[in-house]
Amino acid sequence: VVSLNKQIQSYGRRGLVREAKRVFDAIGSLRDGFSWNFMLIAYTRNGYLRDAEDLFEKMPRRNAVAWTAMLVAYAASGHLDDAERIFSEAPVKDIPCWNAMLSAYSRNGRVDQSRQVFDLMPQHSILSWNAILSAYARAGHLESAKHIFDKVPDPDLVSCNTIMSAYVNAGMLRDAKNIFDGVAMRDMVSWATLLSGYTQHEHVCQAREVFFSEMPEWDLVSWSLLLLMHSGSGKIADAKHLFDNFPQRDLVVWNSLLTIYTQNAHFELAKLTYQRMPEHDSVSLTLMLTSHLEAGNVHEAENIFVNMPWRDLVCLNAMLSGYAQAGHVEKAKCLFDSAFAKNVMTWTGMMSGYAQNGYLTEAKLLFDDMPQRN
RNA sequence: UCGCUUCGUGCAAG
């Protein structure tokens with residue numbers, strides 16, 4: 001059973017969910033707690049939220065690992081309410097579980113609540129420190145991030161990479177570079193963080209210098225960063241040339257090309273890319289939906305949206321704004337009312353939809369109803 | 001034998 005469990009784990013990690021399930025079923029009644037957990041994680045890691053929920057319900061026993069895996073799955077898909085519910089229902093909350101709740105808030109834009117969790121938890125591991133550091137980095141609170149970084153008991157490479165990304169997000173590339181230079185054992189994340197500073201802020205020469213002359217090796221992350229650098233300047237042909245010469249392309253690389261076409265309003269190229277790519281995920285669907293909206297094809301966008309196999313909050317927000325901008329305020333409102341979740345983007349999209357179409361009273365009423373206003 | 005932290009892709013306004 002132990003070796004079959006390891007097979008489930010291995011299939012899950014490689015994205016082969018059906019194969020994992022086949023092994024899980026084959027074990028039958030000999031299944032132990034590990035079998036259930038590995039199957040659950042195979043689902044959660046690959047975005048099979050519904051299957052994960054079903055399995056979680058059927059589990060004969062649930063330990064802290066299962067509760068935490070479920071919590072992370074909800075948080076990653078924007079279901080913050082469900083993540084909170086799982087956390088409060090979990091009978092045993094160990095440090096990883098607290099860490100997961102902390103990150104759940106930060107991933108969903110709630111830094112203050114991340115901090116509350118950090119202050120409430122019984123102990124801190126290095127992962128807790130890195131998680132709160134990352135929460136501030138993501139939120140753009142550079143001073144708080146620096147303050148935390150100075151208090152981390154034993155900063156590791158992840159801590160250094162995270163404070164670096166805090167500087168990058170704040171546009172302070174000299175400081176990011178200083179941290180980078182002070183790190184002895186850099187990994188590919190350190191290199192990617194530095195490179196992303198230059199590409200995001202369109203320091204083209206420095207980006208090329210790092211990429212072509214300094215990096216020890218290239219991976220999918222560095223390729224896609226370089227590719228996206230061409231989006232802001234609209235150098236479509238250069239981007240396509242790079243893309244054609246990549247040794248490997250994963251879904252993110254394909255989506256990055258689609259992003260460039262979408263952001264530069266090349267509808268036909270976007271459509272062609274979309275048709276040619278080997279698979280689609282929520283990001284691809286949202287990009288194609290956005291391309292259709294830009295081209296004025298509201299019905300095509302709608303078609304993608306209603307046929308989506310999963311719920312996705314970002315995609316819902318894109319559709320909502322699309323309706324609003326096309327003047328379909330009533331459809332936007334309908335989508336808003338029936339939304340499976342709402343975040344700041346959902347509320348903002350609906351409000352600006354009202355405002356742009358002259359419904360100022362409704363916009364104000366909605367503003368007053370908005371929770372977590374800041 | 002399992003879960004939690006850092007890097008690349010999508011949504012409003014700017």
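Every chain is numbered from 1, with letters handed out A, B, ... down the list of sequences. Computed from a predicted structure; not experimentally measured. Basis for what follows: all heavy atoms, side chains included, without hydrogens, waters or symmetry-related copies.
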A.B. asks: Does Arg107(A) put a side-chain nitrogen or oxygen below 4.0 Å from OP1 or OP2 of U5(B)?
C.D. replies: yes
A.B. asks: Please state how far atom CZ in Phe38(A) lies from atom P in G3(B), giving the value in whole angstrom units.
C.D. replies: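 In whole Å, G3(B) P and Phe38(A) CZ are 7 Å from each other.
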A.B. asks: For Asn297(A) and Asn303(A), test the side chains for any donor-to-acceptor distance below 3.5 angstrom and give the result as yes or no.
C.D. replies: no
A.B. asks: Run the side-chain donor-acceptor check on residues 243-252 of chain A: report pairs under 3.5 Å with partners two or more places apart or on a different chain.
C.D. replies:
from: Asp244(A); atom 1: OD1; to: Lys240(A); atom 2: NZ; distance (Å): 3.0
from: Asp244(A); atom 1: OD2; to: Lys240(A); atom 2: NZ; distance (Å): 3.0
from: Asn245(A); atom 1: ND2; to: His241(A); atom 2: O; distance (Å): 2.7
from: Asn245(A); atom 1: ND2; to: His241(A); atom 2: NE2; distance (Å): 3.4
from: Arg249(A); atom 1: NE; to: Phe243(A); atom 2: O; distance (Å): 3.2
from: Arg249(A); atom 1: NH2; to: Phe243(A); atom 2: O; distance (Å): 3.3
from: Arg249(A); atom 1: NH2; to: Asp244(A); atom 2: O; distance (Å): 3.2
from: Asp250(A); atom 1: OD1; to: Val252(A); atom 2: N; distance (Å): 3.2
from: Asp250(A); atom 1: OD1; to: Val253(A); atom 2: N; distance (Å): 3.0

A.B. asks: Write down the distance between CG (Asn130(A)) and C1' (C4(B)), rounded to a whole number of angstrom.
C.D. replies: 11 Å
A.B. asks: Between residues 150-176 of chain A and RNA chain B, which residues have a heavy-atom gap below 4.0 Å?
C.D. replies: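 Of all residues in residues 150-176 of chain A, the ones placing a heavy atom under 4.0 Å from RNA chain B are Val158(A), Asn161(A), Thr162(A).
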A.B. asks: Taking only residues two or more places apart in sequence, or in another chain, which ones meet Phe149(A) in a ring-ring contact (aromatic ring centres under 6.0 Å, His included)?
C.D. replies: none
A.B. asks: If the sugar-phosphate is the primed atoms plus P, OP1 and OP2 and the base is the rest, what is the B/S/- string for nucleotides 9-14 of chain B, using protein heavy atoms under 4.0 Å?
C.D. replies: BBBBS-
A.B. asks: Quick one: Asp187(A) CG to U5(B) C1', roughly how many Å, whole number?
C.D. replies: 13 Å
A.B. asks: What is the distance from CZ of Arg45(A) to C1' of G3(B), rounded to the nearest Å?
C.D. replies: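 The answer, rounded to whole Å, is 8 Å.
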A.B. asks: When you check the gap from the basic side-chain N to the acidic O, do Asp368(A) and Lys364(A) get nearer than 4.0 Å?
C.D. replies: yes
A.B. asks: Between Arg138(A) and U6(B), is there a side-chain N or O to OP1/OP2 distance below 4.0 Å?
C.D. replies: yes
A.B. asks: Between Tyr136(A) and Arg115(A), do the side chains contain a donor N or O and an acceptor N or O under 3.5 Å apart?
C.D. replies: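 Distance-only check passes for Arg115(A) and Tyr136(A).
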A.B. asks: Whole-Å distance between C4(B) P and Leu127(A) CG?
C.D. replies: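 Nearest whole value for this atom pair: 9 Å.
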A.B. asks: Output the rounded distance in Å from CD1 (Ile132(A)) to P (U6(B)).
C.D. replies: 12 Å
A.B. asks: Within this structure, what is the OH-to-P distance between Tyr11(A) and U1(B), rounded to whole angstrom?
C.D. replies: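 Tyr11(A) atom OH is separated from U1(B) atom P by 21 Å.
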A.B. asks: Below 6.0 angstrom between ring centroids: does that apply to Phe267(A) and His292(A)?
C.D. replies: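 They qualify: ring centres under 6.0 Å apart.
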A.B. asks: What is the nucleic acid contact for Ala64(A), judged by heavy atoms within less than 4.0 Å: base, sugar-phosphate only, or nothing?
C.D. replies: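 Result for Ala64(A) = base.
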A.B. asks: Can you list the residues that meet the ring-ring contact (aromatic ring centres under 6.0 Å, His included) rule with Trp129(A), with sequence neighbours excluded?
C.D. replies: Phe118(A), His124(A)
A.B. asks: Can you sort out the partners of Trp310(A) under ring-ring contact (aromatic ring centres under 6.0 Å, His included), two or more places apart, ordered by chain and number?
C.D. replies: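 Trp310(A): no ring-ring contact (aromatic ring centres under 6.0 Å, His included) contacts found.
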A.B. asks: Taking side chain as C-beta onward, heavy atoms only, is Leu226(A) less than 4.5 Å from Phe212(A)?
C.D. replies: yes
A.B. asks: Just the rounded figure in Å: distance from P of U6(B) to CH2 of Trp129(A).
C.D. replies: 17 Å
